[in-house]
Protein chains: 2
Amino acid sequence: MELDQAFRSAALRPTAQRYAVLEFLAGHPVHATAEEIFRAVNRDDPRASRATVYNNLRSLAKAGLVREVMSEGKAARFDANLRRHHHFICERCGAVEDISWFDLPPSAGRVALGGRDVSNYEIVFRGACEGCRDAQPEQGAK
Amino acid sequence: MELDQAFRSAALRPTAQRYAVLEFLAGHPVHATAEEIFRAVNRDDPRASRATVYNNLRSLAKAGLVREVMSEGKAARFDANLRRHHHFICERCGAVEDISWFDLPPSAGRVALGGRDVSNYEIVFRGACEGCRDAQPEQGAK
DNA sequence: ACTCAAGTTAGACAAAATCTATATTTAGAT
DNA sequence: ATCTAAATATAGATTTTGTCTAACTTGAGT
């Protein structure tokens, strides 16, 4: 499976717990919180303590197999989508969706960025997702 | 002062505590955490409890005068939202800097965004800020 | 089999945010 | 000016999120 591949190329030991964390994230592209991952991993067998989940999220992140995505709520969220992508946040239902990658025109922001050395960027869009857009346009009063 | 203006147009009561929170954020564009705001506000007079600071950050955010900016650490960070802007995060020193606003070309991402209704967006750049770029290129071992 | 380092663990701890119940302030009516 | 209802503020308890510690387990290399 390609997860083994990922571990090998990252020179990271694929322990049962670590594997389970990565497997969950790879199979659930929903930007799970550490707590959700903890519960999911413990539903199946290789039990992992909270500390282990946090430890592994950190080692996976350091190896580049997972990344912590910025989020508005208090709990950190993680993502195993290794392809570059942008994000869309629905302001009505709170869903966070991946947007497939497109480049900014090379000139964009050249002036605004001044002497900074940009190695990466990401666009975060906000608005109404398809589901919410089709629902009640505003719900009047409340 | 323009803050009164802001309160009036948001139909939000400018209580001493609320005013102090907004004033601090407007005067310190550094993406403060709630804790920093709490301490700053209590250095001067109108003392505010922690709960009040959180309450006011939320009411100000709902009124659009302030916004919670996404951040990597665990503590939420806030920004007085008087001008639209992008962000730059230095991957070496962790600084978060504001980048003056520029629009995305209207066609950008049209396909990738599908049927979503975008009402706003923000670009987050990463890399080395001017200070870090000029410092040691990598620092060898560590 | 023995050793050492990496990994895991439970639970204590700390930090960040929210909640609760009460007190205070304010805007508007009288 | 006084009263009342709604909005706001408060201290402290509580919950949620994340980190730390110290003991235990595992496995690769010898």
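Here is the naming used below: chain letters follow the sequence lines, and residue numbers restart at 1 for every chain.
- Among the nucleotides C:dT9, D:dG18, C:dT18, the one closest to the side chain of A:Ala48 is C:dT9.
- The nearest whole Å value for the distance from the CZ atom in B:Phe7 to the C1' atom in D:dA7 is 14 Å.
- Listed in residue order, the members of residues 49-62 of chain B having a heavy atom less than 4.0 Å from DNA chain C are B:Ala51, B:Tyr54.
- Every side chain to side chain contact (heavy atoms under 4.5 Å, CB included) that A:Glu130 has, sequence neighbours left out, goes to A:Arg133, B:Arg116.
- Residues A:Asp98 and A:His86 bring no donor and acceptor atom of their side chains to less than 3.5 Å of each other.
- Looking at A:Arg77, its side chain never comes within 3.5 Å of a backbone N or O of A:Val69 through a donor-acceptor pair.
- Summarising the geometry, the separation between NZ on A:Lys74 and P on D:dG18 is reported as 10 Å, rounded to the nearest angstrom.
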Any protein N or O atoms within reach of nucleotides 22-30 of chain D? Criterion: under 3.5 Å, listing atom names and distances.
none

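- Within the 4.5 Å cutoff, the side chain of B:Asp79 has no heavy atoms near those of the B:Leu25 side chain.
- Evaluation of the salt bridge (charged side-chain N to carboxylate O under 4.0 Å, His left out) rule for B:Arg50 yields B:Glu35 as partners, not counting sequence neighbours.
- Rounded to a whole Å, the CG atom of A:Leu12 is 11 Å from the C1' atom of C:dA6.
- Each end of the helix from C:dA1-D:dT30 to C:dT30-D:dA1 gets its own axis, taken as the rotation carrying the C1' atoms of four end pairs onto the next four within a five-pair window, and the two axes meet at 20° to the nearest 10 degrees.
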| request: Could you go through the side chain to side chain donor-acceptor pair (under 3.5 Å) check for A:Asn81 and A:Arg67 one step at a time? | output: CA-CA 8 Å; A:Asn81 186 346; A:Arg67 65 177 177 146; over 6 Å; no
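- Grouping Ile, Leu, Val, Met, Phe, Trp and Tyr by side-chain contacts under 4.5 Å, direct or through others, puts B:Val118 with A:Phe88, A:Ile99, A:Trp101, A:Phe102, A:Leu104, A:Leu113, A:Val118, A:Tyr121, A:Ile123, A:Phe125, B:Phe88, B:Ile99, B:Trp101, B:Phe102, B:Leu104, B:Leu113, B:Tyr121, B:Ile123, B:Phe125.
- The distance from atom CD of B:Glu35 to atom C1' of C:dA15 is 9 Å, rounded to the nearest whole Å.
- With hydrogens and angles left out, the side-chain atoms of A:Asn120 and A:Arg84 include a donor and acceptor closer than 3.5 Å.
- B:Val124 is linked by a side chain to side chain contact (heavy atoms under 4.5 Å, CB included) to A:Met70, B:Ile89, B:Glu122, B:Arg126, counting only residues two or more places apart in sequence or in another chain.
- Partners of A:Ser9 according to the side chain to side chain contact (heavy atoms under 4.5 Å, CB included) rule, which considers only residues two or more places apart in sequence or in another chain, do not exist here.
- In this structure B:Ser100 satisfies the side chain to side chain contact (heavy atoms under 4.5 Å, CB included) test together with A:Ala112, sequence neighbours excluded.
- Heavy-atom distances to DNA chain C give each of A:Arg18 and B:Ala34 a nearest nucleotide, and the one nearer the 5′ end belongs to A:Arg18.
- Atom CZ in A:Arg77 sits about 9 Å away from atom P in D:dT17, given to the nearest Å.
- Apart from A:Tyr54 itself, the hydrophobic cluster it occupies contains nothing, where clustering links Ile, Leu, Val, Met, Phe, Trp and Tyr at side-chain heavy-atom distances under 4.5 Å.
- For B:Arg110, there are no salt bridge (charged side-chain N to carboxylate O under 4.0 Å, His left out) partners at least two apart in sequence or on another chain.
- Between the CD atom of B:Glu36 and the P atom of C:dA15 there is a distance of 15 Å, rounded to whole Å.
- A:Phe7 places a side-chain heavy atom less than 4.5 Å from the side chain of A:Leu60.
- For the segment residues 24-32 of chain B, the set of residues with a heavy atom within less than 4.0 Å of an atom of DNA chain C is empty.
- The side chain of B:Gln17 contributes no N or O atom lying less than 4.0 Å from OP1 or OP2 of C:dT25.
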